[in-house]
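This one's a predicted model, so the numbers in the text were calculated from it and none came from an experiment. Quick note: numbers below take in every heavy atom, side chains included, and nothing from hydrogens, waters or symmetry partners.
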Protein chains: 2
Amino acid sequence: MTMSKRDTYTPETLLAVAVEVFNERGYDGTSMEHLSRAAGISKSSIYHHVRGKEELLHRAVGRALEGLFGILDEQGARDGRAVERLEYVTRRTAEVLMDELPYVTLLLRVRGNTATERWAMERRREFDQRVAALLKDAVAEGDLRADVDVRLATRLLFGMINSLVEWYRPEGRGSTEAEQVVDAVARLAFDGLRT
Amino acid sequence: MTMSKRDTYTPETLLAVAVEVFNERGYDGTSMEHLSRAAGISKSSIYHHVRGKEELLHRAVGRALEGLFGILDEQGARDGRAVERLEYVTRRTAEVLMDELPYVTLLLRVRGNTATERWAMERRREFDQRVAALLKDAVAEGDLRADVDVRLATRLLFGMINSLVEWYRPEGRGSTEAEQVVDAVARLAFDGLRT
DNA sequence: TTGTCCCGACCGAACATTCGGTTAATCTAT
DNA sequence: ATAGATTAACCGAATGTTCGGTCGGGACAA
């Protein structure tokens with residue numbers, strides 16, 4: 001927690017800038033030159049703070065995965081009927097997505113070209129499987145429709161939630177927008193569009 | 001329709017190969033070297049068939065957009081109550097997504113780095129707005145719930161459908177898998193997960 | 001004066017694209 | 001039927017550019 005007088009970058013503050021650029025141009029479409037311009041420091045200075053481009057990616061997706069897996073440890077995801085736990089995880093996932101928007105966005109877009117990307121994809125699959133198990137239990141307890149394959153339903157549910165990163169942009173301070181989005185997600189997911 | 005005896009590439013057959021690689025590595029992550037290896041011809045030979053890398057992208061997303069906009073001209077998207085037209089478009093969009101999987105996948109992933117990508121994004125927005133209008137009409141006709149914002153609902157609906165490209169892989173010939181996916185999409189979208 | 005932070009200059013590798021030229025199938029005129 | 005002309009398809013080598021990353025040194029706070 002030592003803070004210098006000099007207004008300077010840390011790996012964390014640099015990360016925030018980098019993630020923005022990664023999301024705008026794509027990871028592969030972003031050069032260190034782009035990053036240096038966005039950060040306002042020279043290309044070589046970036047290497048003072050991080051080992052390289054891939055470390056920035058690793059830190060970013062790591063933070064996103066931390067947020068997602070954290071949900072599963074919360075009480076709401078552990079107690080109660082499966083369908084209630086599923087709704088809790090659904091809502092919280094949407095919340096975390098919006099809270100950590102740029103980091104999760106990046107996570108959801110990795111393609112598997114580097115070791116870091118493959119690691120991220122694997123951990124993400126892990127998370128998906130945990131939720132799929134929840135959905136399966138809810139079906140077994142009779143609270144969810146059994147006429148749709150569990151695996152398929154999980155994927156579509158996540159497809160809907162994850163699509164938030166494609167368009168959600170936080171509004172000015174104190175907005176209730178995020179709540180409305182979470183409600184809409186839960187309503188559509190569990191009760192559908194129909195009247 | 002002239003066909004040469006010689007087993008050789010045309011811009012179209014080359015496109016099929018290129019789109020596969022683009023989807024696997026990402027457009028920016030794909031070099032002409034990668035393409036040439038996948039196609040089994042030399043890097044320079046590719047330039048005999050197409051102007052360059054970006055033309056391949058343009059042809060690919062163009063084909064995807066053609067398929068999507070084609071839906072809106074079909075009878076099912078023009079006649080009947082708005083909610084029925086919406087369900088028709090929903091189902092057909094899922095079908096086109098699976099039929100033209102690699103092309104639509106590429107379309108849904110463009111980031112806007114080149115002129116071609118920006119053109120694709122704009123046309124895609126156009127399509128989304130056409131469907132949003134449909135959803136709005138269905139709400140006005142009283143067939144869809146009015147307690148969720150139209151714009152938001154459209155985005156979530158598309159989020160669910162479009163997520164198909166993240167995991168759907170066609171099975172062997174004569175499979176009924178695609179139908180099942182379409183049914184699941186329609187059921188979840190309109191009636192939700194709940195029993 | 002020491003260590004942190006930063007810079008411009010630079011590097012080898014990889015990039016998209018171009019070029020000069022070869023091969024082989026098809027067309028033309030006899 | 002076939003020699004010669006034409007052309008589509010292809011290639012290896014080279015173009016200039018951009019890439020991620022390195023290096024030696026300067027500025028500044030402690």
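At the heavy-atom level, B:Ser36 lies nowhere under 4.0 Å from the strands shown.
Between A:Met32 atom CE and D:dT17 atom P there is a gap of 23 Å when expressed in whole angstrom units. For the pair B:Lys43 NZ and D:dG16 C1', the computed distance is 13 Å after rounding to whole Å. Residue A:Glu54 contributes atom CD, which lies 12 Å from atom P of D:dG20 at whole-angstrom precision. Distance, A:Glu33 CD to C:dG8 P: 11 Å, rounded to whole Å. Rounded to whole angstrom, the span from the CG atom of B:Leu14 across to the C1' atom of D:dA8 amounts to 15 Å. Rounded to an integer number of Å, the gap from NE2 of A:His34 to C1' of D:dG20 is 13 Å. Between the OH atom of B:Tyr47 and the P atom of C:dG20 there is a distance of 17 Å, rounded to whole Å. Between the CZ atom of A:Phe22 and the C1' atom of D:dG20 there is a distance of 12 Å, rounded to whole Å.
Taking 4.0 angstrom as the limit, B:Ser42 places a side-chain polar atom (N or O) nearer than this to OP1 or OP2 of D:dC11. Here B:His49 does not reach the OP1 or OP2 of D:dA8: none of its side-chain N or O atoms lies under 4.0 Å away. In this model, the phosphate group of C:dA14 is not approached by any side-chain N or O of B:Ser31 to a distance below 4.0 Å at OP1 or OP2. B:His48 has no side-chain polar atom (N or O) that falls below the 4.0 Å cut-off from OP1 or OP2 of D:dC10.
Checking D:dG21, D:dC10, D:dA14 against the side-chain heavy atoms of B:Ile41 singles out D:dC10 as nearest.
Mapping A:Ser45 and A:Asp28 onto DNA chain D by nearest heavy atom places A:Asp28 at the nucleotide closer to the 5' end. Mapping A:Lys53 and B:Ser44 onto DNA chain D via the closest heavy atom, the residue that lands nearer the 5' end is B:Ser44.
Under the ring-ring contact (aromatic ring centres under 6.0 Å, His included) criterion, the residue pairs touching residues 112-150 of chain A are A:His58-A:Trp119, A:Phe69-A:Phe127, A:Phe127-A:Phe158, with sequence neighbours excluded.
Using modelled atom types, one finds no donor on one side chain facing an acceptor on the other under 3.5 Å when comparing B:Glu66 with B:Tyr103. Looking only at atom types and distance, the side chain of B:Thr116 has no donor-acceptor partner in the side chain of B:Thr114 under 3.5 Å away. Side-chain polar atoms of A:Ser45 and A:His48 form no donor-acceptor pair below 3.5 angstrom. For the 3.5 Å distance criterion, the side chains of B:Glu117 and B:Tyr27 fail to qualify, holding no donor opposite an acceptor.
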